[in-house]
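Working notes, structure below.
All chains are named by letter (A, B, ...) in the order of the sequence lines, taking the proteins before the strands, and each is independently numbered beginning at 1.
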2 protein chains.
Amino acid sequence: MEAVTKQFRKRNAILAYLQSTTEHPSAEMVFAGLKPQIPDLSLGTVYRNLNLFRKQGLASCVATVNGVERFDGNTNPHVHFICNECDAVIDLMEMQIPATLTSTAESCSGGQVADCQLSFTGKCRSCVRVNQKGGETA
Amino acid sequence: MEAVTKQFRKRNAILAYLQSTTEHPSAEMVFAGLKPQIPDLSLGTVYRNLNLFRKQGLASCVATVNGVERFDGNTNPHVHFICNECDAVIDLMEMQIPATLTSTAESCSGGQVADCQLSFTGKCRSCVRVNQKGGETA
DNA sequence: AATATAAATAAGAATCATTCTTATATAGGA
DNA sequence: TCCTATATAAGAATGATTCTTATTTATATT
């Protein structure tokens with residue numbers, strides 16, 4: 001049948017994928033996630049559209065973990081936790097970024113602030129658990 | 001004469017360079033800065049030692065700007081401003097990272113927080129100035 | 001001093017995430 | 001239909017970083 005237009009089908013799928021997950025995927029992760037449903041998707045298309053979304057403000061790169069950029073389709077500024085063990089990037093939605101911070105940064109820097117990133121690194125809940133269960137043999 | 005030991009001479013020079021600047025240099029920038037005084041310095045040595053310092057807690061990567069890691073020899077947690085135009089990474093030393101943030105993050109995440117990064121992106125003071133001087137011809 | 005061992009380094013190769021190039025396909029307008 | 005724009009696939013190119021190998025240097029031991 002194929003009555004529906006094909007235009008932007010892949011672009012839309014990439015954006016939808018990004019907005020449907022909180023795992024803050026890399027380009028490869030988006031590609032791997034969509035490939036089963038879109039067998040003729042190419043990695044270059046993922047990269048190209050992610051960069052487009054970034055320019056349009058529909059997505060942003062929230063971290064670079066082990067040399068790999070991690071994207072977020074949630075454009076509301078929020079806090080992240082990055083696990084040094086399993087490379088997970090986790091939202092801390094309960095936390096607020098103090099509103100005064102940005103204006104303070106603007107006056108301190110003398111420049112124009114466009115964005116604010118607040119993130120914590122360490123060992124995430126599951127990795128803490130795993131280590132406890134195993135027990136330390138030191 | 002060359003009475004002084006040569007051991008760690010390059011390692012020390014790299015650490016000293018990192019600690020003497022606030023420009024948050026990349027490995028290439030450290031290499032370029034030291035090459036005149038140490039003509040037989042190799043880029044691999046810079047990378048290797050920067051990673052060593054990172055493991056030892058003597059330095060950290062505070063940002064990845066345009067795919068390039070930027071290092072900091074100042075181990076006191078502090079705030080950074082990253083310019084999207086000139087790629088400068090600037091300290092905002094006057095700003096404090098609210099002490100409560102880290103403990104809140106730890107309880108919210110359920111994990112163990114090792115570090116906190118707070119940074120602002122936008123247009124730095126000099127880039128704002130340049131654009132004003134030139135005037136917009138739109 | 002001679003030897004052995006271990007760490008530091010230079011040089012360049014290898015890796016790998018990302019970007020770029022080219023050709024093809026598709027949509028919309030004249 | 002013809003023309004122009006954009007989207008895409010495929011794979012090549014780029015470039016930051018890491019790895020490998022051989023060499024050098026320091027230290028400990030004789």
Salt bridge flag under 4.0 Å for residues A/Arg70 and A/Asp87: no

Pairing nucleotide - C/dT26, Watson-Crick or G-U, each distance under 3.5 Å: none

Side chain to side chain donor-acceptor pair (under 3.5 Å) evaluation trace for B/Asn74 with B/His24: CA-CA 9 Å; B/Asn74 179 355; B/His24 308 86; over 6 Å; no

Residues, nucleotides or ligands: over 12 heavy atoms within 6.0 Å of B/Gln96 CD: no

In D/dA5, glycosidic geometry as syn within 90° of 0 or anti otherwise: syn

Nearest-angstrom distance from the residue atom CG of B/Leu41 to P of D/dT24: 18 Å

Candidate nucleotides C/dA10, D/dT8, D/dT17, ranked by approach to the side chain of B/Asp40 - the nearest: C/dA10

Interatomic distance, A/Ile38 CD1 vs C/dA25 P [rounded to whole Å]: 19 Å

Phosphate OP1/OP2 of C/dT9 contacted by B/Thr45 side-chain N/O (<4.0 Å): no

A/Asn51 side chain near C/dT19 phosphate (N/O to OP1/OP2, under 4.0 Å): yes

Pairing partner of C/dA11 (Watson-Crick or G-U wobble, both distances under 3.5 Å): D/dT20

Length of the line joining B/Asn66:CG and C/dA17:C1', which is rounded to integer Å: 14 Å

Sugar-phosphate only, base, or nothing, as touched by A/Glu69 at under 4.0 Å among non-hydrogen atoms: sugar-phosphate

Value in whole Å for how far the P atom of D/dT6 lies from CZ of A/Arg11: 11 Å

Trace of the side chain to side chain contact (heavy atoms under 4.5 Å, CB included) decision for A/Cys86 with A/Cys124: CA-CA 8 Å; A/Cys86 68; A/Cys124 78; 3.8 Å; yes

Protein-nucleotide distance (A/Asn49, atom CG; D/dA9, atom C1'), rounded to Å: 13 Å

Given D/dA10, C/dA10, D/dT17, the nucleotide with the shortest approach to the side chain of B/Val68: D/dT17

Distance, rounded to the nearest Å, where B/Asn12 contributes CG and C/dA7 contributes P: 17 Å

Nearest-angstrom distance from the residue atom NZ of A/Lys35 to C1' of D/dT8: 12 Å

Any A/Arg48 side-chain nitrogen or oxygen under 4.0 Å from OP1 or OP2 of D/dA9: no

Interatomic distance, B/Tyr47 OH vs C/dT15 P [rounded to whole Å]: 18 Å

Verdict with reasoning, A/Asn12 to A/Leu15, per side chain to side chain contact (heavy atoms under 4.5 Å, CB included): CA-CA 5 Å; A/Asn12 290 334; A/Leu15 186 56; 5.6 Å; no

